[in-house]
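Below is one structure, written out as structure tokens, with a few remarks after it.
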Amino acid sequence: MHKVPIGVLGASGYAGRELLALIGRHPAMTLAFAAAGTRRGERAEVGDRVITFAATEDAPLGDAALVFSALPHGESAAWVGSARAAGAKVVDLSSDLRPGTGLAGAPAVPYGLTEVARDAVRGADVVANPGCYATAALLALAPLAARGLIAPGATVTINAASGVTGAGFTPRRDLLFAEVAEDFRAYALGNTHRHASEMRAVLASFGSDADLVFTPHLLPVARGILATILVPVAELPHDVLAPWREQYAGEPFIEITDEAPSLRDVTRRNVMRLTARPVAGVRRPMLQIIAAIDNLMKGAAGQAMQNANLVLGLDETMGLPS
Ligand SMILES: NC(=O)c1ccc[n+]([C@@H]2O[C@H](COP(=O)([O-])OP(=O)(O)OC[C@H]3O[C@@H](n4cnc5c(N)ncnc54)[C@H](OP(=O)(O)O)[C@@H]3O)[C@@H](O)[C@H]2O)c1
């Protein structure tokens, strides 16, 4: 079988290494190159091969049909341009091209929230892969927005906790084991996290005028995001899970459950698992949604692979653990 050559920029990072592992077991992809920054020259296993990280500036971009950019925001957009100029399609995992957070002058490209944007992603030249928190929140909110169920003028409250890989591989004192273990804290207080702008912009594109208050938390585990979302609704659905069950019927990577999901249900899997309840004891109707994803899989490399498969005209589920 002809295999499609794939390049990875930022291959030595958390998301990049996850991408390498997915490419290594993908039946229709082969690794064209893996590039790193400071860790250029280091070796890594990809499937049954041992590869050496190239320097980013030496990456043979033109050898790849598709390039994943897992570079930090601010660094990525220029390399997306270089990869395009070399003839490769690109899935960009950074925030540089996303709605609400894109760099000034960045081109408008499809936002790869795959289950919502499949038609725009299929065959696109460049896809902006969503942020990890934004993936959990927006997949949870999309069915309510599509049905006009979010109360007009409402404030949606999103509290979400992420494992420490969400902060990337670069060493930071506040992320040392002794600073994180056996503790739990909020950060980006005051609705200032970059993903709040991304979520706001995309929710508006879904036709909702809701305000959004997002408080991220640092959870002392390696990976996983659990989001608790409170949504004032115009009316409670008769069957509370019906909006999600209807919208995501047949979706291979969305699991709607009666019980509250936990990180154990989703880690190392490319799924979002979700439940919802009506909120008791409040004067106006409100839904509480609990959504769980693996930040490195459905929140990064897994969703990026779904998008890459669509861009390349392959089966969307190819090479992905369910
Ligand atoms: N971690 C997550 O949960 C997650 C989820 C969704 C999206 N994302 C996004 O995915 C991207 C990668 O995130 P990550 O967590 O994997 O970050 P990371 O672990 O810090 O990795 C960053 C990668 O970029 C390389 N790099 C950094 N600066 C560079 C430069 N100036 N030139 C060339 N290469 C450079 C690093 O190489 P060296 O280490 O060799 O220097 C490394 O390979 C980010 O844009 C992030 O926002 C991450």
Side-chain angles (χ1 to χ4, degrees), residues 1-9 11 15-34 46-49 63-70 80 83-84 87-93 97 109-130 132 134-136 138-139 142-143 146 244-257 265-274 291-322:
M1 179 184 189
H2 169 71
K3 294 198 173 189
V4 185
I6 306 291
V8 181
L9 300 171
R17 284 188 284 177
E18 213 68 25
L19 285 163
L20 292 184
L22 290 176
I23 294 165
R25 59 174 182 251
H26 195 293
M29 291 184 179
T30 184
L31 188 69
F33 67 82
V46 180
D48 53 7
R49 289 168 59 190
D63 288 356
L66 182 139
V67 170
F68 290 105
S69 176
V80 173
R84 282 298 301 136
K89 298 187 176 226
V90 185
V91 177
D92 180 24
L93 282 79
L97 305 178
V109 301
Y111 179 72
L113 192 67
T114 324
E115 284 75 9
V116 175
R118 196 167 272 135
D119 290 342
V121 170
R122 195 175 277 122
D125 290 331
V126 181
V127 176
N129 214 57
C132 47
T135 296
L138 292 167
L139 284 176
W244 294 275
R245 290 205 200 280
E246 284 168 18
Q247 178 139 344
Y248 294 135
E251 288 290 352
F253 300 121
I254 305 276
E255 299 176 347
I256 312 302
T257 60
D265 298 321
V266 298
T267 41
R268 300 190 185 278
R269 302 179 62 218
N270 184 50
V271 297
M272 180 192 69
R273 188 179 277 217
L274 174 147
I293 62 168
D294 182 326
N295 57 297
L296 292 178
M297 283 295 284
K298 188 63 174 153
Q303 184 162 232
M305 184 58 82
Q306 276 181 265
N307 289 325
N309 283 334
L310 288 172
V311 162
L312 295 169
L314 301 172
D315 184 304
E316 184 183 321
T317 62
M318 216 179 235
L320 283 163
S322 59

Side chain to side chain contact (heavy atoms under 4.5 Å, CB included) evaluation trace for V121 with V311: CA-CA 6 Å; V121 170; V311 162; 4.2 Å; yes

Beyond-backbone contact of I6 with L20, side-chain heavy atoms, under 4.5 angstrom: no

Can you see which heavy atom on V116 is nearest to which on A142, and at what distance? CG2-CB, 3.9 Å

If you define the side chain from C-beta out and look only at heavy atoms, does anything of Y111 sit under 4.5 Å from N129? no

Using every non-hydrogen atom in the two residues, find where A301 and A15 come nearest and quote the distance to one decimal. CB-O, 4.0 Å

Side chains of T114 and L310 in contact at under 4.5 Å (non-hydrogen atoms): yes

A32 backbone acceptor or donor facing D63 side chain under 3.5 Å: no

Of the non-hydrogen atoms in Q247 and P143, which two are nearest, and what is the gap between them? OE1-CA, 3.3 Å

Is E255 salt-bridged to R269, going by a charged N under 4.0 Å from an acidic O? yes

Between D125 and R84 (salt bridge meaning N to carboxylate O under 4.0 Å), is one present in this structure? yes

Would you check if there is a donor-acceptor pair between the side chains of E115 and Q306 at a distance under 3.5 Å? yes

Between I254 and I256, is the side chain to side chain contact (heavy atoms under 4.5 Å, CB included) condition met? List the steps. CA-CA 7 Å; I254 305 276; I256 312 302; 3.7 Å; yes

Can you see which heavy atom on G319 is nearest to which on L22, and at what distance? O-CD2, 3.7 Å

Under 3.5 Å, is there a donor-acceptor pair between the Q303 and N270 side chains? no

Verify side chain to side chain contact (heavy atoms under 4.5 Å, CB included) between L66 and V90, making sure each step is shown before the conclusion. CA-CA 5 Å; L66 182 139; V90 185; over 6 Å; no

With side chains defined as the heavy atoms from C-beta onward, is the minimum distance between F253 and M272 less than 4.5 Å? no

To the nearest 0.5 Å, tell me how far E18 CD sits from L93 CG. 11.0 Å

Can R118 and E316 be counted as an ion pair, charged N to O under 4.0 angstrom? yes

Side chain proximity check, V8 to I23, heavy atoms < 4.5 angstrom: yes

Run the numbers on V271 and I293 for side chain to side chain contact (heavy atoms under 4.5 Å, CB included), then give the verdict. CA-CA 6 Å; V271 297; I293 62 168; over 6 Å; no

Heavy-atom check, side chain of K298 versus side chain of T135, under 4.5 Å: yes

Indicate the atoms forming the closest heavy-atom contact of D92 with S69, along with that distance. OD1-O, 3.5 Å

Quick one: does any side-chain atom of D294 pair with a main-chain N or O of R268 as donor and acceptor, under 3.5 Å? yes

When every non-hydrogen atom of M318 is compared with those of P27, the smallest separation belongs to CG-CG, 3.7 Å

With the side chain counted from C-beta on, respond yes when L139 and Y248 share a heavy-atom pair under 4.5 Å apart, and no when they do not. yes

For a 4.5 angstrom cut-off between non-hydrogen side-chain atoms, does M29 reach M305? yes

